[in-house]
Amino acid sequence: MTTHAPQAAQAVTLPTTLDEAVAALTAVPAAVPVAGGTDLMAAVNSGQLRPAALVGLGRISEIRGWQYLDGHAMLGAGLTHARMGRPDFAALIPALAAAARAAGPPHIRNAGTLGGNIASAAPTGDALPVLAALEATLIVAGPGGARREIPVSHLLAGMDMLRAGELIGYVRVPLLHAPQVFLKATGRTGPGRAVASVALVLDPARRGVRCAVGAIAPMPLRPLEAEQWVGSLIDWDNNRALVPEALNAFGEYVAAACIPDAAPAGDGSVAQLPPAVLHLRRTVAALARRALGRALS
């Protein structure tokens with residue numbers, strides 16, 4: 001909600017199906033889709049955005065729930081953070097539920113949506129590292145009833161962008177039936193924007209660990225070598241045992257991969273990282289260590 005009227009919005013369309021919404025965006029290329037509006041209205045109020053028209057997505061019931069399909073969950077882009085934070089959803093995808101509960105105060109969780117979190121691609125979006133660690137894919141709706149799939153990581157990295165008239169319809173998430181953890185550090189007590197976040201999931205079928213670090217870069221970072229290293233140390237046949245020293249080493253490995261040392265100068269010397277960056281690296285290490293410890297406990 002806002003006390004400032006979006007003066008530049010000349011028209012509002014309220015479709016009831018995904019294809020109707022795509023048609024409205026195709027008919028008015030300058031139109032902006034809006035679901036919860038938590039990011040859009042902030043941009044309007046700050047003067048960063050003056051939409052010529054709006055396409056409201058709140059009446060599209062087909063994208064406000066989820067279903068099961070071939071070992072995956074098909075999550076509607078209109079799912080709110082509040083809905084994803086409930087116990088029944090938490091039993092399905094625990095890390096995403098934890099991220100949804102940490103997304104902010106109640107009015108943000110009640111309005112903000114999964115699709116909006118992805119489309120805005122804010123570095124501090126809590127759902128993004130979880131989706132990256134789960135290797136989720138997007139089902140994108142396009143003109144003429146077209147559908148195509150994009151890995152979430154490709155969209156966030158700018159490798160495959162939404163085309164004119166396209167909308168995120170669903171998010172396909174594999175159901176791993178294994179422990180998942182999401183942790184974040186904020187600059188204050190209580191809900192707030194993440195300074196750093198870590199999502200970690202176990203994949204027993206592949207005997208692997210998948211980890212993504214959020215908020216410290218424009219997109220979630222996957223420390224692939226650290227994942228492979230710790231996955232090779234876990235005793236997958238004996239209660240997923242891991243020696244305690246490996247937890248600390250994993251945290252340091254993840255932090256160093258995501259926040260590396262400065263490149264050597266011409267004379268071979270290496271400049272010390274600034275204190276704030278070192279503190280951030282220690283924060284990432286602690287989050288990664290705790291996330292893995294909780295997943296294995």
Side-chain angles (χ1 to χ4, degrees), residues 66 68 71-77 79-104 108-109 112-118 121-138 151-153 156 170-186 191 193-216 219-224 226-227 230-231 234 240 242 247 250-251 254 258 283-284 286-297:
W66 70 81
Y68 305 99
H72 292 71
M74 293 286 285
L75 311 179
L79 276 170
T80 64
H81 299 304
R83 184 65 190 89
M84 291 188 291
R86 294 181 186 175
D88 58 339
F89 190 93
L92 186 71
I93 312 174
L96 192 54
R101 289 192 294 266
I108 295 295
R109 298 198 302 272
T113 63
L114 177 61
N117 209 213
I118 299 167
T124 55
D126 292 320
L128 304 186
V130 178
L131 296 176
L134 289 169
E135 296 181 350
T137 58
L138 306 176
V152 170
S153 58
L156 298 177
Y170 301 91
V171 183
R172 185 198 300 270
V173 178
L175 297 177
L176 301 178
H177 304 294
Q180 306 173 8
V181 178
F182 171 79
L183 298 174
K184 79 174 186 179
T186 64
R193 291 188 180 274
V195 173
S197 61
V198 167
L200 187 139
V201 301
L202 300 185
D203 189 348
R206 297 181 181 178
R207 296 185 171 224
V209 173
R210 299 211 293 270
C211 176
V213 179
I216 66 171
M219 70 198 77
L221 303 177
R222 287 281 302 276
L224 298 178
E227 293 176 3
V230 79
I234 295 173
R240 301 168 187 156
L242 182 69
L247 285 176
F250 174 71
V254 170
C258 295
T283 299
V284 171
L287 291 175
R289 181 182 70 248
R290 292 171 189 168
L292 181 60
R294 292 187 185 183
L296 294 174
S297 63

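In what follows, residues are counted from 1 in the order of the sequence shown.
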Visitor: CG/L134 to NE2/H72 distance, rounded to the nearest 0.5 angstrom?
Guide: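 Separation between the atoms: 10.0 Å.
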Visitor: Just by distance, do the side chain of R222 and the backbone of C211 share a donor-acceptor pair under 3.5 Å?
Guide: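 Indeed, once roles are kept as given, a pair shorter than 3.5 Å links the two residues.
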Visitor: Do you know which two heavy atoms are closest between R240 and L296, and how far apart they sit?
Guide: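 For R240 versus L296, the nearest heavy atoms are O-CD2, 3.6 Å.
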Visitor: So L131 and L114, do their side chains get closer than 4.5 Å, heavy atoms only?
Guide: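 Yes, their side chains come closer than 4.5 Å.
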Visitor: Rounded to the nearest 0.5 Å, what's the gap from CZ on R86 to OG1 on T80? Could you check?
Guide: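 It is 7.0 Å, given to the nearest 0.5 Å.
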Visitor: Say you draw a straight line from CG of L202 to CG of L292; how long is it, rounded to the nearest 0.5 Å?
Guide: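 Atom-to-atom, L202:CG and L292:CG are 7.0 Å apart.
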Visitor: Measure across I118 and L156 and return the closest heavy-atom pair with its distance rounded to 0.1 Å.
Guide: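 So the two residues come closest at O-CD2, 4.1 Å.
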Visitor: Can you tell me if R210 uses its side chain to pair, donor with acceptor, with the backbone of A133 under 3.5 Å?
Guide: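 Checking the backbone N and O of A133 against the side chain of R210, a donor-acceptor pair under 3.5 Å is found.
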Visitor: R101 side chain to G85 main-chain N or O, any donor-acceptor pair under 3.5 Å?
Guide: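 Yes; judged by distance alone, with no hydrogens or angles, the pair exists.
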Visitor: Taking atom CH2 of W66 and atom CD1 of I93, what is their separation to the nearest 0.5 Å?
Guide: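 CD1 of I93 is found 8.5 Å from CH2 of W66.
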Visitor: So, K184 side chain and A102 main chain: donor-acceptor pair closer than 3.5 Å or not?
Guide: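 Yes, the answer is positive, given that a donor and an acceptor are paired below the 3.5 Å cut-off.
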Visitor: Locate the shortest heavy-atom distance separating A295 from V181; write the atom from each residue and the value.
Guide: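 Smallest heavy-atom distance, with atoms named: N-CG2, 3.8 Å.
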Visitor: Can you measure from CZ (R290) to CG (L183) and round to the nearest 0.5 angstrom?
Guide: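 CG of L183 is found 8.0 Å from CZ of R290.
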Visitor: Give the C-alpha distance, both sets of side-chain angles, the deciding distance and a yes or no for side-chain contact (heavy atoms from CB on, under 4.5 Å) between T283 and I216.
Guide: CA-CA 11 Å; T283 299; I216 66 171; over 6 Å; no
Visitor: Kindly give the heavy-atom pair with the smallest separation between N117 and L128, and that separation in Å.
Guide: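 Heavy atoms of N117 and L128 come nearest at O-CD2, 3.7 Å.
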Visitor: Any idea which heavy atoms bring F89 and M84 closest together, and the distance?
Guide: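 That closest heavy-atom pairing would be CD2-O, 3.1 Å.
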Visitor: Looking only at non-hydrogen atoms, find the nearest pair between F182 and P129 and report the distance.
Guide: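 Reported closest heavy-atom pair: CE1-CG, 4.1 Å.
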Visitor: Could you tell me the separation between the CZ atom of F250 and the CG atom of L200, rounded to the nearest 0.5 Å?
Guide: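 Here the interatomic distance stands at 5.5 Å.
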